[in-house]
Every structure is written in structure tokens, then in C-alpha cells.
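Side-chain atoms are counted along with the backbone in the values below, which use heavy atoms only and exclude waters and symmetry mates. Here is the naming used below: chain letters follow the sequence lines, and residue numbers restart at 1 for every chain.
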2 protein chains.
Amino acid sequence: MKKAATIRDVAARAGVSVSVVSRVLNDTGPVAPAKRAQVLEAIEELGYRPKAAARQLSQERPDTIGLLLADLANPFFARLADRVVAEARSRELQVVLMTTQEDPHLEEQALRTLLDRSVGGVIGTPTGHNVEHWEKLAKLEMPVVFVDRAIEGLDQVDVVSIENVESAATATGHLLDRGHRRIGLVPGPLDTTTGIERVRGYERALAERGVARDDRLVRPVPFRGESGADVMAQMLALDEPPTAVVVANTAQVRVVLRMLAQGRVSIPDDLSLVVFDDNPWTDLIQPPLTAVRQPIDMLALHSVDLVHARMRQKLPPSPRRVRVAAEFLERSSTAEPRTG
Amino acid sequence: MKKAATIRDVAARAGVSVSVVSRVLNDTGPVAPAKRAQVLEAIEELGYRPKAAARQLSQERPDTIGLLLADLANPFFARLADRVVAEARSRELQVVLMTTQEDPHLEEQALRTLLDRSVGGVIGTPTGHNVEHWEKLAKLEMPVVFVDRAIEGLDQVDVVSIENVESAATATGHLLDRGHRRIGLVPGPLDTTTGIERVRGYERALAERGVARDDRLVRPVPFRGESGADVMAQMLALDEPPTAVVVANTAQVRVVLRMLAQGRVSIPDDLSLVVFDDNPWTDLIQPPLTAVRQPIDMLALHSVDLVHARMRQKLPPSPRRVRVAAEFLERSSTAEPRTG
DNA sequence: TTGTAGGCGTTATCAC
DNA sequence: GTGATAACGCCTACAA
């Protein structure tokens with residue numbers, strides 16, 4: 001009951017050669033029905049399972065993808081992982097999971113590991129650093145798909161994300177249409193396309209309505225830490241504080257909410273709020289939050305589709321950019337600004 | 001720029017034999033300082049990375065663990081995954097992630113895959129079914145660690161969990177001490193030790209205070225679906241409805257809250273509430289919830305420690321049961337029962 | 001201290 | 001249809 005059976009054991013048991021066994025296993029050539037039956041039986045009796053490592057060694061690409069996410073404590077990435085795993089399974093792909101914790105150093109470590117070709121492709125949310133390492137991966141002909149965010153200027157990889165510009169414009173426009181003129185924006189860091197594009201959408205909405213942009217109201221903050229609270233406090237302390245804020249950094253939503261609660265800022269009376277990403281609890285709190293919902297299953301579906309296709313070289317080499325629409329959910333955290 | 005360098009390329013480049021390269025790589029034998037330097041240089045220049053599959057094939061155990069969780073959409077498991085990945089990295093272990101979605105069939109599929117020995121050990125939250133498959137894994141000498149929950153009667157595997165009996169007793173006792181006498185309990189399914197033990201703790205607390213148990217107030221529900229809402233409704237519709245409820249099924253907390261909100265049940269005025277697991281949003285809602293906080297990092301730490309030690313056969317064969325204490329957090333969802 | 005050679009478990013290529 | 005046999009890339013006796 002110690003060492004597992006090998007293909008040779010099966011062959012011996014079934015009275016055939018290893019090639020026959022291999023053929024019934026992979027359906028890769030003709031086998032006499034009778035022998036096939038014997039082989040199948042032997043496999044069953046021995047509880048034989050082909051060893052993944054051996055298969056990889058002789059074959060082409062591993063049937064495994066690397067999933068390099070920022071941080072599973074963020075429900076957005078957690079749900080993304082959940083869907084990626086599900087999509088991968090339906091394609092008989094394994095998923096090895098790694099996290100960067102938004103730390104470039106950890107990301108580098110992970111990328112280095114990925115270089116050992118234990119995976120046939122990678123889906124990741126880059127920190128925005130380590131550009132050379134990502135490039136090296138791509139150069140090695142390792143399929144790479146960025147999901148949710150990308151690195152500006154790194155063009156040889158596929159990207160799957162929501163329509164960030166559109167979504168931010170919609171969110172901002174919603175507030176403008178309700179009469180807000182001073183609108184704060186708290187995006188993620190600008191190392192990453194997500195932050196950049198959401199700022200762009202915000203600016204577009206302002207421009208379309210002829211509202212001037214005030215630099216003090218656009219405050220990018222890192223994903224990690226609590227600085228979302230600080231910048232909120234700073235904005236609210238301005239001579240002319242914003243009457244509405246778009247929190248376009250999913251990792252900072254909780255921090256911001258907590259700060260507002262502590263500061264006894266009433267929503268939407270004192271401040272209207274739109275947040276990016278619709279968490280499972282977004283409708284449990286008071287008031288339920290107006291949110292941009294990212295279609296996580298679509299993001300997962302396209303990401304896995306892309307790596308999978310590339311792993312089987314089913315795609316022309318030119319990089320793909322898939323953008324899916326996000327949904328704007330109006331709930332109760334936005335209202336007209338208080339007059340006076 | 002196509003095919004990656006092999007150990008032989010490095011050897012050639014450095015003017016040494018493969019064994020020397022292997023030795024500097026794994027620090028498994030003596031190497032002349034001069035040659036070592038040449039090898040290192042060659043590795044650098046060629047961007048050489050040993051291929052994981054080949055290494056596994058010749059060596060014994062893969063440096064990879066399987067993590068088979070219920071469902072990453074549940075923040076508890078998501079955070080658990082996050083910590084497991086972190087602990088694994090610090091031990092240079094890879095993590096392949098799979099989910100059961102609480103579906104025995106998916107679990108079986110995953111277990112079957114695990115049988116291909118692509119992993120050296122498994123950490124999992126079993127659905128409660130597929131006992132034979134889990135046993136088969138263990139028989140194959142694959143280290144298996146159940147985390148959070150276990151299967152009663154399956155004794156050859158390690159288990160890491162919180163003190164479920166204690167925690168449930170504390171939660172129930174807290175309510176009893178505040179004067180509640182009719183206390184509802186909504187545990188998970190009884191296929192799993194988590195459900196069983198929490199019921200036991202609940203009963204113990206009642207017994208200690210000489211309060212009779214009412215079967216109608218103990219309503220196990222599956223992790224999936226929305227039945228938590230139904231049983232809540234049923235309990236509240238009793239002639240003598242409970243004045244307090246312990247939701248000991250992390251997956252049903254949200255469902256229950258939503259139902260109570262819709263039913264305009266005021267907490268804690270109409271009903272006191274204690275929930276299992278302290279989610280990141282537990283203190284954002286109104287009122288902040290009294291909760292049993294599971295020390296997720298400890299669960300992760302011990303789980304990874306155990307598989308890792310077993311993979312290196314550092315442990316006597318007898319199964320380990322690690323239980324860590326959970327923390328009871330009193331917040332504002334519990335009060336004395338309304339008199340009259 | 002170093003190099004040679006055999007083995008790990010599959011798949012794939014060919015003769016038969 | 002079938003069965004040897006050579007890869008695949010690395011590790012590790014064992015010999016030098």
C-alpha cells in the first residue's frame with residue numbers, strides 16, 4: 001500500500017505493452033476493443049492514476065495556470081479567484097494560487113517561481129512594478145493575461161478588464177446630474193491602468209458638463225493601508241469640501257466607510273457616495289450603497305478562455321484586450337446636495 | 001528566445017558537469033568555490049530555472065500542496081486561503097487551489113485529481129461526503145489536513161479547527177446570562193464536525209443553566225442556498241418565538257440578516273443575535289454584530305505546518321488534532337430580552 | 001572534488 | 001494494431 005502503480009504495472013497486469021496503455025489513456029491511436037477492456041480493468045484494479053509530473057516532462061505544456069492575485073482578503077479578488085477556479089475546472093486546468101499583497105517584492109518572488117515553467121500560463125493582477133519580469137515571462141512564450149488592471153506600456157500581454165473610463169464617467173455623471181459640482185475621487189494608485197482610466201473617466205464627465213477639475217479633489221491612494229481615510233478627512237476639511245465622492249479603489253471602500261461613520265458624516269445627507277465594486281454586504285449596510293458592479297464571472301471567463309486558447313496556441317500572437325461593461329447600481333447613498 | 005535552457009546548457013557554459021550544477025543548485029555536496037562562481041554566472045547569463053516537472057519526477061515529493069476549500073465567495077474561506085498561501089510561501093510551497101462549492105460531486109472530482117500525486121499533501125474543508133475517497137488519499141500516504149471542519153469517524157487525518165464546543169457554549173451562555181431562555185441555533189449541516197460540535201456546545205450551555213432544549217429551536221441548514229432565511233422565519237413564527245439566535249453557519253449569516261431586515265425585525269430589540277465568524281463588515285452594519293471570531297491566521301499556520309511536517313515525514317504517524325481558541329466579541333446585537 | 005550513467009513515469013516515433 | 005525504445009530534464013549513486 002505504499003508506492004503507486006505505474007503505467008508499466010498496468011501494462012503487465014493487462015498483458016499488453018505500455019504503448020497500448022498510453023493509447024487508451026489518451027485516446028491517441030488504435031486499440032483492439034478486447035485489449036482496451038483489459039487495460040481499463042487493470043487500471044481500475046490497481047487504482048492507477050498517471051503521474052502528472054511525468055506527463056508534463058514528456059509532453060508539451062503543463063495543464064496548470066498560475067493565478068497571481070493581489071490579496072484574497074479583498075472580496076473582489078476572492079470572488080474572482082472563485083470564478084477562475086470554476087472556469088479552469090471546466091477546462092480541466094489546475095490553478096496554482098499566489099498573492100502579491102500589493103507588494104512588488106512578493107510579486108517578483110512569485111514571478112521568479114512562475115519562471116520554472118510549472119504552469120502553462122498566468123492570469124494576474126500586476127502591482128504595476130516588475131515590468132521587466134513580466135516581460136521576461138512573455139518573452140519565454142508564457143501566455144500572460146492581466147485581469148482587472150494592466151501595466152501601461154506593457155503591450156505584449158492580453159488584458160481583461162471592465163470599461164473603466166466609461167464606468168467612472170457614469171458614476172461621476174450620475175452625481176453631476178443630481179447637481180453636485182464638487183466631487184471627490186479616490187482611485188487606486190496610478191501605476192496601474194485601473195487608476196489611470198478611472199481618473200480619465202471622471203475627468204471626461206466633468207469636461208462634458210463644463211465643470212472645472214480641482215486637483216485637491218482627486219486623491220489616488222495605495223491599495224494597502226488606511227490612507228483612504230486620511231485623504232477623505234483632508235477633502236472634507238477643505239474650505240469648499242466635496243458634496244459627493246467616488247471611491248474607485250475597491251480596497252479602500254471599507255476604510256472610507258469606517259472613517260465616515262466615526263466622523264459622523266451622514267450619507268447621503270452630508271455626502272453622497274458611489275463605490276467601485278459591489279460587495280456582498282453593500283446592501284446590508286445603512287444606507288445601501290450606490291455602486292459600480294463589476295461582472296466578475298465575465299472577467300474570469302474571458303481570462304481563463306484567453307490563457308487556455310494561448311496555451312493551445314489557438315490564437316494569433318497579437319495581444320487581445322477584452323473589456324466588459326460594468327453595471328451601475330443606484331441605491332441610497334446618493335442624493336442631491338444639500339442646498340446651503 | 002524560444003526554448004529554455006537546461007541544466008546541461010548551464011554545465012556546458014560553465015565548463016563543468018551537470019552534477020556540479022545540480023550540487024550548487026541544491027547545495028547537496030561539495031563544490032570548488034571557483035566552479036561555483038562560474039556556475040552561478042552561467043545560470044545568471046542563461047536565465048536558467050530548473051524545471052519543476054523534471055525535478056519532481058526524479059525526486060520524491062512535490063513541493064506543492066492542494067488546497068480544497070468550499071467556496072471562495074465566503075469571506076471566511078477567502079481569508080483562510082489568503083493566509084494559507086502566505087504560510088506556504090514562507091516554506092517555499094506552492095498551492096494549487098480547488099473548490100467544492102459544497103457539492104460532493106465536485107469534491108469527488110477534485111479528490112480524483114489530487115490522486116495524480118501532483119501535490120505532496122492536501123489541506124481541505126470536506127463536504128462530509130466522499131469518505132472513501134479521502135481514505136484512499138490517506139492510504140496512499142498523502143498527508144491530509146482537515147481545516148475548520150472534519151468528518152466524524154475519519155480518524156487517519158489531521159484536523160485543525162477552533163474550539164467549536166467551547167465557542168458555541170460561550171455564545172449561548174452569553175445570551176442565557178442576559179436572561180434569554182428561548183434561544184435559537186442555526187448551525188451548518190450535521191455531516192461535519194463543525195455542525196455537530198456547535199450543537200453540542202449549545203446544549204451544554206443550556207444544560208449547565210438547567211434550561212430545557214426545544215428541538216424546534218435547533219435548525220441545521222446547508223451551507224448553500226438560502227434556507228437560513230426560511231428556518232429563521234419558521235422560528236419567529238412559533239407560538240413562543242426565540243428571543244435570541246446564534247447563527248453558527250458562516251455561510252448563512254448574510255442570508256439571515258437580509259431576511260431579518262426585510263421582516264423589520266429590530267436587533268437587538270426584537271431579537272438578539274450572535275454570529276459565527278467576524279467578517280470585515282460585521283462592524284460596519286447597524287448594529288455592529290456580536291460575533292465569534294475565528295483566528296484565521298492560526299488555522300492557516302497550523303494547517304500548513306502540519307502538511308509540511310508530514311511531507312517531510314517529520315511527524316509520528318498518529319493523527320494530530322489541533323484546536324485553537326476562538327474569541328468572543330461582544331458588540332451591540334445582543335441585549336436583554338424585552339420583558340413582556 | 002568531479003564526472004558518468006542510470007532512473008524517475010510518460011509520451012511519441014517507428015518498425016513490425 | 002502492437003511493442004520496443006528514445007526522449008523529456010533533473011537528481012544521485014558510484015566511480016574516478
Side-chain angles (χ1 to χ4, degrees), chain A residues 2-40 42-43 46-64 92 94 113 115-120 140-141 312, chain B residues 2-40 42-43 46-64 113 115-120 140:
Chain A
K2 290 194 79 153
K3 55 182 359 176
T6 79
I7 196 174
R8 254 177 280 273
D9 300 328
V10 175
R13 191 96 149 82
V16 301
S17 76
V18 293
S19 339
V20 175
V21 179
S22 179
R23 272 187 239 119
V24 343
L25 242 33
N26 308 296
D27 188 41
T28 174
V31 175
K35 301 219 167 188
R36 166 186 306 288
Q38 300 169 33
V39 170
L40 257 16
I43 289 178
L46 268 45
Y48 168 75
R49 295 242 66 207
K51 190 162 185 164
R55 174 171 272 171
Q56 270 183 48
L57 188 55
S58 77
Q59 252 187 174
E60 61 303 346
R61 293 211 179 259
D63 56 348
T64 301
E92 306 199 285
Q94 300 310 116
T113 298
L115 242 21
D116 71 8
R117 290 142 298 155
S118 49
V119 301
L140 241 44
E141 297 194 338
R312 306 184 314 167
Chain B
K2 293 194 79 153
K3 56 181 0 177
T6 79
I7 196 174
R8 253 176 282 272
D9 299 328
V10 175
R13 190 96 150 83
V16 301
S17 78
V18 292
S19 18
V20 175
V21 179
S22 179
R23 271 187 243 120
V24 344
L25 244 32
N26 310 296
D27 188 42
T28 173
V31 175
K35 300 218 169 192
R36 167 186 303 284
Q38 300 169 35
V39 170
L40 256 16
I43 288 178
L46 267 44
Y48 168 75
R49 295 243 67 206
K51 190 161 184 164
R55 170 172 275 169
Q56 273 183 46
L57 189 54
S58 66
Q59 265 182 167
E60 59 299 349
R61 295 231 181 240
D63 56 348
T64 302
T113 299
L115 243 20
D116 71 8
R117 292 143 295 156
S118 49
V119 302
L140 240 45

Please set out all donor-acceptor pairs under 3.5 angstrom arising from side-chain atoms of residues 48-58 of chain B, sequence neighbours excluded.
unit_1   : atom_1 : unit_2    : atom_2 : d
Arg49(B) : NH1    : Arg112(A) : O      : 2.6
Arg55(B) : NH2    : Asn26(B)  : OD1    : 3.1
Ser58(B) : OG     : Arg55(B)  : O      : 3.3

Report summary line: 5'-most to 3'-most nt of DNA chain D touching chain B (<4.0 Å, heavy-atom partner on protein side) reads dG9(D) to dT12(D)
Report task. Using five base pairs at each end, measure the axis-to-axis angle across the helix from dT1(C)-dA16(D) to dC16(C)-dG1(D) and round it to 10 degrees. Result -> 40°
Requested in this report: Kindly give the heavy-atom pair with the smallest separation between Ala11(B) and Ser17(B), and that separation in Å.
Outcome: CB-C, 3.7 Å
Might you list the N or O atoms of the protein lying below 3.5 Å from N or O atoms in nucleotides 2-4 of chain C, with each pair's distance?
unit_1 : atom_1 : unit_2   : atom_2 : d
dT2(C) : OP2    : Ala32(B) : N      : 2.8
dG3(C) : OP2    : Ser17(B) : N      : 2.9
dG3(C) : OP2    : Ser17(B) : OG     : 3.3
dG3(C) : N7     : Ser19(B) : OG     : 2.8
dG3(C) : N7     : Arg23(B) : NH2    : 3.4
dT4(C) : O4     : Ser19(B) : OG     : 3.2

Query raised in the report: What parts of residues 49-58 of chain B reach DNA chain C, counting only heavy atoms under 4.0 Å away?
Result: Leu57(B), Ser58(B)
Query raised in the report: Which whole-number value in Å describes the distance from Ile7(A) CD1 to dC8(C) C1'?
Result: 14 Å
**Report entry** Residue pair Val39(A) / Val20(A): nearest heavy atoms and the distance that separates them
**Finding:** CG2-CG1, 4.2 Å
Query raised in the report: Hey, are the side chains of Arg23(B) and Pro30(B) touching, using non-hydrogen atoms and a 4.5 Å cut-off?
Result: yes
Query raised in the report: To the nearest 0.5 Å, what is the distance between CG (Leu40(B)) and CG (Leu25(B))?
Result: 9.0 Å
Report summary line: In short, Ser22(B) meets Thr28(B) closest at the heavy-atom pair O-CG2, 4.0 Å
Report summary line: note: Asp63(A), atom CG; dT10(C), atom C1'; distance rounded to Å ~ 13 Å
Report summary line: Note: Thr113(B) and Ser118(B) closest approach over all heavy atoms is O-OG, 4.5 Å
Query raised in the report: Which atom pair, heavy atoms only, marks the closest approach of Glu141(A) to Arg61(A)?
Result: O-NH2, 2.8 Å
Query raised in the report: When rounded to the nearest 0.5 angstrom, what is the spacing between CD1 in Ile7(A) and CG in Leu46(A)?
Result: 12.0 Å
Query raised in the report: Donor-acceptor pair, Arg8(B) side chain versus Val18(B) backbone, under 3.5 Å?
Result: no
Query - Asn26(A) side-chain N/O to dT10(C) phosphate OP1/OP2 under 4.0 Å - result: no
Report task. Please name all residues satisfying salt bridge (charged side-chain N to carboxylate O under 4.0 Å, His left out) with Arg13(B), sequence neighbours left out, ordered by chain then number. Result -> Glu45(B)
Query - Minimum heavy-atom distance between Val119(B) and Pro62(B), given as atom pair plus value - result: C-CG, 3.8 Å
